[in-house]
2 protein chains.
Amino acid sequence: MDEGRITIDDIAAAAGVSVASVSRSLRDLPGVGPQTRKRIIDIADEFGYELHPQASSLASGRTSTVGVAAPLFGTWFPSRALGGVHSVLAEAGYDLLIFMMSTPADRRRFLREARSFCRRVDGLILIDTFAGADGDSADAFFNRPVVAVGERLDGAASIAIDNRLASRRAVEHLIDLGHERIGVITAPERAEMSMSTSGLRRLGYEDALRGAGLTIDPTLVAAGDGSIASGIEAMSRLLSVPEPPTGVFCMSDEMAFGALRAAQNAGVPVPDALSVIGFDDHDFAAALGLSTMRQSVDEMGMTAARTVLALIEGTEPASEITWDVPLVARQTTAARG
Amino acid sequence: MDEGRITIDDIAAAAGVSVASVSRSLRDLPGVGPQTRKRIIDIADEFGYELHPQASSLASGRTSTVGVAAPLFGTWFPSRALGGVHSVLAEAGYDLLIFMMSTPADRRRFLREARSFCRRVDGLILIDTFAGADGDSADAFFNRPVVAVGERLDGAASIAIDNRLASRRAVEHLIDLGHERIGVITAPERAEMSMSTSGLRRLGYEDALRGAGLTIDPTLVAAGDGSIASGIEAMSRLLSVPEPPTGVFCMSDEMAFGALRAAQNAGVPVPDALSVIGFDDHDFAAALGLSTMRQSVDEMGMTAARTVLALIEGTEPASEITWDVPLVARQTTAARG
DNA sequence: CTGAAAGCGCTAACAG
DNA sequence: CTGTTAGCGCTTTCAG
């Protein structure tokens with residue numbers, strides 16, 4: 001009754017061939033005559049038979065599984081990226097093994113357990129995760145092909161954006177609209193990294209100001225932690241400086257949502273008296289009319305998945321892909337009144 | 001140089017014991033003297049050795065992996081639930097294999113590939129996924145212990161909320177505040193299910209009205225699709241009926257966010273002229289001050305994970321857990337002006 | 001094109 | 001408590 005017990009031998013016997021032929025047929029490998037192959041496949045279908053993944057894996061050394069390590073999936077970036085990754089992996093017949101790092105402790109655990117995690121997978125995708133710095137290059141450390149998305153990693157392929165350029169463009173959008181006092185709500189620095197996303201975006205902000213001959217005013221810089229709540233708070237601070245900004249660049253859409261709310265609370269009409277631009281193109285941005293810089297995270301995830309697969313199969317793919325971040329101008333930015 | 005090639009035999013040889021003792025020691029199984037065990041473990045550590053998962057799995061028939069099938073992880077409920085599931089699985093030393101169903105086509109693929117997916121896992125968690133209806137009970141169909149979260153499933157353990165009761169409570173909150181014309185923005189029905197979440201919540205809404213002796217007015221029911229955009233649209237419709245509601249229950253927080261925005265656009269002050277209550281306690285709800293019904297999705301996920309583990313290990317756990325959904329009154333609901 | 005046979009690395013009786 | 005040994009189910013040379 002236990003259908004699970006039927007093995008490749010049963011199929012071979014039923015088809016009157018050797019297990020080798022069954023194995024070849026079922027894996028689309030050459031070396032089996034067309035009619036033989038058809039017969040084998042038909043019989044396997046009839047028996048509802050499929051190769052036992054663990055056994056195949058043990059015998060072949062391949063796992064047909066890709067590992068994905070990422071911070072908290074409850075968060076926008078990683079969960080969207082995961083979606084993209086999954087869609088191409090599923091199509092390629094690969095399984096997806098997850099390693100989630102919500103806390104710093106999880107991160108340490110990952111570094112500790114990375115080797116054993118890697119034994120279960122043919123390749124690794126690191127989402128928004130910095131993992132090097134050990135001197136070892138990533139591929140060497142993990143002993144598997146690695147592709148990073150959202151970060152550059154030594155010795156690994158990567159899919160990322162040009163954070164500095166993209167935020168420069170965001171601020172230039174405000175400048176083009178005639179704004180001259182432009183504030184910024186910053187994202188948190190992450191200790192693991194030498195030059196973090198936040199730092200790069202800060203430079204882009206300054207590039208734009210400098211490029212337009214505007215002065216850089218430290219009172220127009222408010223630190224956020226990425227959350228809506230911090231966006232509310234940061235924007236409130238910016239609105240209460242002696243000479244408040246007429247345009248604000250938020251390093252994430254979530255903080256921009258908070259910023260918008262703060263403006264509303266303060267009775268400052270957007271975009272009439274204040275323009276706000278975010279960064280991400282979060283799912284909610286369109287509905288809220290938020291102007292932003294679009295990070296096509298799911299596409300980045302898909303590309304990452306295609307890249308690991310190529311690496312696994314030995315095809316050398318592009319190794320450092322920089323994704324474009326188009327401006328999406330919606331209703332929260334307008335010419336300075 | 002390839003460290004991967006070191007096997008249990010090498011450890012056994014180095015420790016001067018049999019492979020059986022090594023296996024037992026490394027898996028904390030009884031039958032090894034304390035000093036022997038310590039020596040073996042020390043040597044394994046020194047060699048950086050770990051059991052080969054596929055080989056163990058093949059030999060033992062266990063995979064130490066739990067499968068999770070869920071709709072789009074970009075979405076709030078499933079990605080939060082996944083977080084909870086992962087945290088307990090990680091602690092128990094189980095891997096997490098993902099099956100994502102973004103589209104109806106994916107769903108069909110899942111039903112088709114379910115058996116083979118199940119061969120890779122010891123147990124299955126279905127998040128927000130209806131999978132039965134084939135006459136087969138879930139456990140029998142998947143041939144593995146199954147626990148459903150967010151849905152009841154025939155022949156499977158489940159972690160879910162009482163949708164009808166919870167939405168009744170939400171509407172009663174509005175009633176308690178003195179509201180008499182209470183609208184509802186509904187979530188989409190899902191074809192797969194006989195009595196969907198949306199339908200149950202609708203009944204709860206009517207229960208509350210009826211319980212308070214209020215009339216049920218169909219013009220106060222607006223259909224949404226779960227998105228912010230649909231919330232905006234639905235609320236606009238509700239605000240333009242001849243006698244608009246003074247309180248609105250939204251079947252999801254996301255739609256409530258839209259509803260709030262529509263109210264703002266229409267110049268209707270919340271909560272002064274209009275109370276709005278959502279459902280979920282989405283991450284953004286607190287920051288936006290939205291009153292809502294809290295679904296502790298991560299805890300539900302953790303419980304689901306503990307339940308599969310118990311099932312896998314043969315410990316019979318509770319089979320139908322109903323999770324409490326407390327009211328979280330914040331700033332969008334107030335006594336009728 | 002097809003088959004035989006030697007493993008892949010570990011687990012689980014079974015013996016001692 | 002410890003060791004022996006026969007597999008787990010498949011892949012992959014190597015012959016034919």
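In what follows, every chain begins at residue 1, and chains take the letters A, B, ... in the order their sequences are listed.
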*Are Ile43(A) and Tyr49(A) close enough, and set up right, to give a side chain to side chain contact (heavy atoms under 4.5 Å, CB included), and what steps lead you there?*
CA-CA 8 Å; Ile43(A) 293 185; Tyr49(A) 171 75; over 6 Å; no
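Between Arg37(B) and Leu58(B), the residue anchored nearer the 5' end of DNA chain D, judged by the nucleotide with its closest heavy atom, is Arg37(B). Two residues, Ala55(A) and Gly61(B), neighbour DNA chain C, and the one matched to the more 5' nucleotide by heavy-atom proximity is Ala55(A).
Applying the side chain to side chain donor-acceptor pair (under 3.5 Å) rule to Asp128(A) yields no partners; only residues at least two apart in sequence or on another chain are considered. With sequence neighbours excluded, the residues satisfying ring pair (Phe, Tyr, Trp, His ring centres under 6.0 Å) with Phe117(A) are Phe99(A). When the side chain to side chain donor-acceptor pair (under 3.5 Å) test is applied to Asp9(A), the partners found at least two apart in sequence or on another chain are Thr7(A). Considering only residues two or more places apart in sequence or on other chains, Arg152(A) meets the side-chain contact (heavy atoms from CB on, under 4.5 Å) condition with Ser158(A), Ala160(A), Glu320(A), Thr322(A). Residues meeting the salt bridge (Lys or Arg N to Asp or Glu O under 4.0 Å) test with Arg109(A), sequence neighbours left out: Asp106(A), Glu113(A). Gln295(A) pairs by the side chain to side chain donor-acceptor pair (under 3.5 Å) definition with nothing, not counting sequence neighbours.
Residue pairs satisfying the side-chain hydrogen bond (donor to acceptor under 3.5 Å, both in side chains) criterion with at least one member in residues 86-101 of chain B, sequence neighbours excluded, are listed as follows: Arg120(A)-Asp95(B), Tyr94(B)-Glu313(B). For residues 57-67 of chain A, the set of pairs meeting the side-chain hydrogen bond (donor to acceptor under 3.5 Å, both in side chains) definition, not counting sequence neighbours, comprises Thr63(A)-Asp122(A). Counting only residues at least two apart or in different chains, salt bridge (Lys or Arg N to Asp or Glu O under 4.0 Å) contacts with residues 297-308 of chain A comprise Arg80(A)-Asp298(A).
Residue Ser23(A) places no side-chain N or O under 4.0 Å from the OP1 or OP2 atom of dC10(D).
Rounded to an integer number of Å, the gap from Leu51(B) CG to dG9(C) C1' is 9 Å. Taking atom CD on Gln54(B) and atom P on dG7(D), their separation rounds to 23 Å, with Å as the unit. In this entry the distance linking CD1 of Ile6(B) with P of dC8(C) reads 15 Å, nearest Å. When rounded to the nearest whole Å, the span between CG of Asp9(A) and P of dT11(D) equals 12 Å. At whole-Å resolution of the value, CD in Glu50(B) and C1' in dG9(C) are 14 Å apart. To the nearest angstrom, C1' of dG7(C) lies 13 Å from NE2 of His52(B). Between the CD1 atom of Ile11(A) and the C1' atom of dT11(D) there is a distance of 17 Å, rounded to whole Å. Whole-Å rounding puts the Asp10(A) CG to dG9(D) P distance at 9 Å.
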What nitrogen or oxygen pairs link the protein and nucleotides 3-5 of chain D at under 3.5 Å?
unit_1: dG3(D); atom_1: OP2; unit_2: Ser18(B); atom_2: N; d: 2.9
unit_1: dG3(D); atom_1: OP2; unit_2: Ser18(B); atom_2: OG; d: 3.4
unit_1: dG3(D); atom_1: OP2; unit_2: Ser21(B); atom_2: OG; d: 3.2
unit_1: dG3(D); atom_1: O6; unit_2: Arg24(B); atom_2: NH2; d: 2.5

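Residue contacts for Arg62(A): at a heavy-atom cut-off of 4.0 Å it reaches the sugar-phosphate backbone alone, with no base atom in range.
Each end of the helix from dC1(C)-dG16(D) to dG16(C)-dC1(D) gets its own rotation axis from five pairs of C1' atoms, and the angle between them is 30° to the nearest 10 degrees.
Interface residues of residues 25-34 of chain B facing DNA chain C, ordered by number: Arg27(B); criterion, heavy-atom separation under 4.0 Å.
Judged purely by atom type and a 3.5 angstrom limit, Thr307(B) uses its side chain to pair as donor or acceptor with the backbone of Thr303(B).
Taking 4.5 Å as the limit, every side-chain heavy atom of Val147(B) sits out of range of all side-chain heavy atoms of Leu126(B).
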